[in-house]
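Here is how names work: the chains are called A, B, and so on, in the same order as the sequence lines, proteins then strands, and each is numbered from 1.
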2 protein chains.
Amino acid sequence: MPSTKPKSIEQTSADSAQAGPKLSDFLCFSIYSANLAYGRAYKPILEKLGLTYTQYIAIVALWEEDGQTVGSLGEKLFLESNTLTPILKKLEVMGYLRRQRDPGDERQVVISLTDEGRRLREKGLTMNLVKASGLEPDEFKKMQQGVATLRDNLIKAARES
Amino acid sequence: MPSTKPKSIEQTSADSAQAGPKLSDFLCFSIYSANLAYGRAYKPILEKLGLTYTQYIAIVALWEEDGQTVGSLGEKLFLESNTLTPILKKLEVMGYLRRQRDPGDERQVVISLTDEGRRLREKGLTMNLVKASGLEPDEFKKMQQGVATLRDNLIKAARES
DNA sequence: CTCGATTACATCGTATACGATATAAAAGGA
DNA sequence: TCCTTTTATATCGTATACGATGTAATCGAG
């Protein structure tokens with residue numbers, strides 16, 4: 001007769017025999033804590049630029065494609081306007097971008113980098129965190145793709161529920 | 001002569017030939033966005049229990065080992081007292097745990113689950129997010145361990161910097 | 001034992017995330 | 001055209017994270 005102890009929401013079958021869910025077996029917790037660790041690893045680098053992590057990825061997305069709307073930027077960053085708007089306003093005050101209503105559709109706001117925003121690209125971003133990851137370049141790439149696929153699966157599952 | 005365009009802080013050498021850093025090549029961004037995705041996947045499950053994600057992992061850590069101090073709990077969750085204290089106070093108000101000063105060392109606060117807190121274990125946690133991850137159990141485990149190692153490397157690198 | 005250093009926790013200010021809701025523009029059907 | 005619905009963004013309230021700082025208890029050199 002199996003134990004009456006329930007499985008957690010994220011255990012593999014290998015865990016079901018033990019007393020309870022163990023934090024160290026949770027993929028969600030690995031991701032959660034790795035995200036915290038990345039934030040701490042990035043902080044000393046980014047604060048030389050005076051940017052937070054979220055501000056930084058917003059700028060990177062604009063380097064990749066300038067002149068995006070808030071909505072399209074949000075799709076790429078997996079963020080919505082309630083989170084993005086305050087961040088973009090801050091970056092506008094800092095002088096890195098401009099926010100202007102699209103004259104063709106006044107509901108939309110188009111974000112464009114200033115010269116200053118483009119210049120950030122040449123400022124101090126040549127450092128490399130690959131080595132801090134402790135992974136070989138091919139492992140790094142594999143992990144990156146694996147986690148991205150995981151993310152996309154979770155988004156799909158959440159949408160379907 | 002190589003391009004004058006700088007590499008980002010997290011690009012692999014394979015990216016150095018292109019115009020600039022691409023968000024989709026960042027491992028940190030995969031982790032960041034997967035963490036957001038997990039939060040969204042968990043939300044409908046956890047809100048039936050009336051818990052947030054961070055409250056949930058705190059409870060899980062206490063199932064694993066009850067009677068921990070704030071500091072030892074924080075080590076396991078990678079959080080410090082400034083984040084943990086308000087969360088534990090909330091859980092105390094909700095009736096899931098008690099916070100009491102250690103009589104032997106009045107600086108420390110010992111956290112112990114109430115019966116109610118232990119009962120949460122039998123309540124609704126039998127759902128399984130492994131399938132939402134879209135990974136086979138062995139892949140799941142491999143990814144979990146890989147990301148945990150990545151996290152530990154990043155923590156070590158951040159401490160040494 | 002004494003007093004400055006350290007430790008453990010808490011408080012405060014700032015910056016995300018995000019659900020719920022507001023607002024204004026655009027779309028679209030009668 | 002008029003009015004309802006939808007869309008794009010913004011605002012607000014709540015819950016994390018975290019650096020800086022505060023505070024009380026303990027430690028430890030002399």
message = Tell me whether the side-chain N/O atoms of B:Tyr32 come closer than 4.0 Å to OP1 or OP2 in C:dA17.
response = yes
query = With B:Glu92, which residues qualify under side-chain hydrogen bond (donor to acceptor under 3.5 Å, both in side chains), at least two apart?
reply = B:Arg99
request  = Only counting residues at least two apart or in another chain, list the ones meeting side-chain hydrogen bond (donor to acceptor under 3.5 Å, both in side chains) with B:Ser72.
outcome  = B:Gln68
ask   = How long is the line joining CG of A:Leu77 and C1' of C:dT16, in whole Å?
value = 13 Å
query = Which pairs count as salt bridge (Lys or Arg N to Asp or Glu O under 4.0 Å) when at least one residue sits in residues 147-161 of chain B, sequence neighbours excluded?
reply = none
message = Please list all pairs meeting salt bridge (Lys or Arg N to Asp or Glu O under 4.0 Å) that have one or both residues in residues 57-66 of chain B, counting only residues at least two apart or in different chains.
response = B:Glu65-B:Lys76, B:Asp66-B:Arg118
By salt bridge (charged side-chain N to carboxylate O under 4.0 Å, His left out) - contacts of A:Arg98 (at least two apart) = none
CA sep, side-chain torsions, deciding dist, call: A:Trp63, A:Leu120, side chain to side chain contact (heavy atoms under 4.5 Å, CB included) = CA-CA 10 Å; A:Trp63 287 338; A:Leu120 274 180; 3.8 Å; yes
note = A:Tyr56 OH to C:dT16 P, in whole Å, measures 15 Å
task = Taking B:Thr114 for its side chain and B:Tyr96 for its backbone only, find out whether a donor-acceptor pair lies under 3.5 Å.
result = yes
key: Toward the 5' end of DNA chain C, by each residue's nearest nucleotide, A:Asp102 or A:Leu79   = A:Leu79
ask   = In terms of the nearest nucleotide of DNA chain D, which residue is placed more toward the 5' end: B:Phe78 or A:Gly71?
value = A:Gly71
query = Quick one: are the ring centres of A:Tyr53 and A:Tyr38 less than 6.0 Å apart?
reply = no
Residue list, salt bridge (charged side-chain N to carboxylate O under 4.0 Å, His left out) with A:Glu116, at least two apart or on another chain = A:Arg119
With 3.5 Å as the limit, what N/O pairs link the protein to nucleotides 2-4 of chain D?
none

Pairs where residues 31-40 of chain A contributes a residue and the test salt bridge (Lys or Arg N to Asp or Glu O under 4.0 Å) is met, not counting sequence neighbours = none
inquiry  = Under the criterion side chain to side chain contact (heavy atoms under 4.5 Å, CB included), I'd like the reasoning laid out for B:Leu23 against A:Leu77: C-alpha separation, chi angles, the key distance, then a yes or no.
reply    = CA-CA 9 Å; B:Leu23 214 48; A:Leu77 302 180; 3.4 Å; yes
task = Provide, to the nearest angstrom, the distance between the OH atom belonging to B:Tyr42 and the P atom belonging to D:dT16.
result = 16 Å
Strictly under 3.5 Å: I want the nitrogen or oxygen pairs between protein and nucleotides 22-24 of chain C, one per line.
none

query = Of the non-hydrogen atoms in B:Val147 and A:Ser30, which two are nearest, and what is the gap between them?
reply = CG1-O, 3.5 Å
query = Looking at CG of B:Leu79 and OH of A:Tyr32, how far apart are the two atoms once the value is rounded to the nearest 0.5 Å?
reply = 4.0 Å
query = Roughly, in whole Å, what's the span from CG in B:Asn35 to P in C:dA17?
reply = 9 Å
note = The salt bridge (charged side-chain N to carboxylate O under 4.0 Å, His left out) partners of A:Asp102 (sequence neighbours excluded) come to none
Rounded interatomic separation in angstrom, taking CG from B:Leu73 and P from C:dA8 = 15 Å
ask   = Rounded to whole angstroms, how far apart are CG on B:Asp105 and P on D:dC27?
value = 6 Å
task = Treat primed atoms plus P, OP1 and OP2 as sugar-phosphate and everything else as base, then score nucleotides 10-15 of chain D 5' to 3': B for base contact with protein heavy atoms under 4.0 Å, S for sugar-phosphate contact only, - for none.
result = BB---S
inquiry  = Without decimals, in angstroms, what is the distance between A:Gln68 CD and D:dT9 C1'?
reply    = 16 Å
remark   = Atom CZ of A:Phe29 and atom C1' of D:dT16 are separated, to the nearest Å, by 15 Å
query = Axis-to-axis angle across the helix from C:dC1-D:dG30 to C:dA30-D:dT1, five pairs an end, to 10 degrees?
reply = 10°
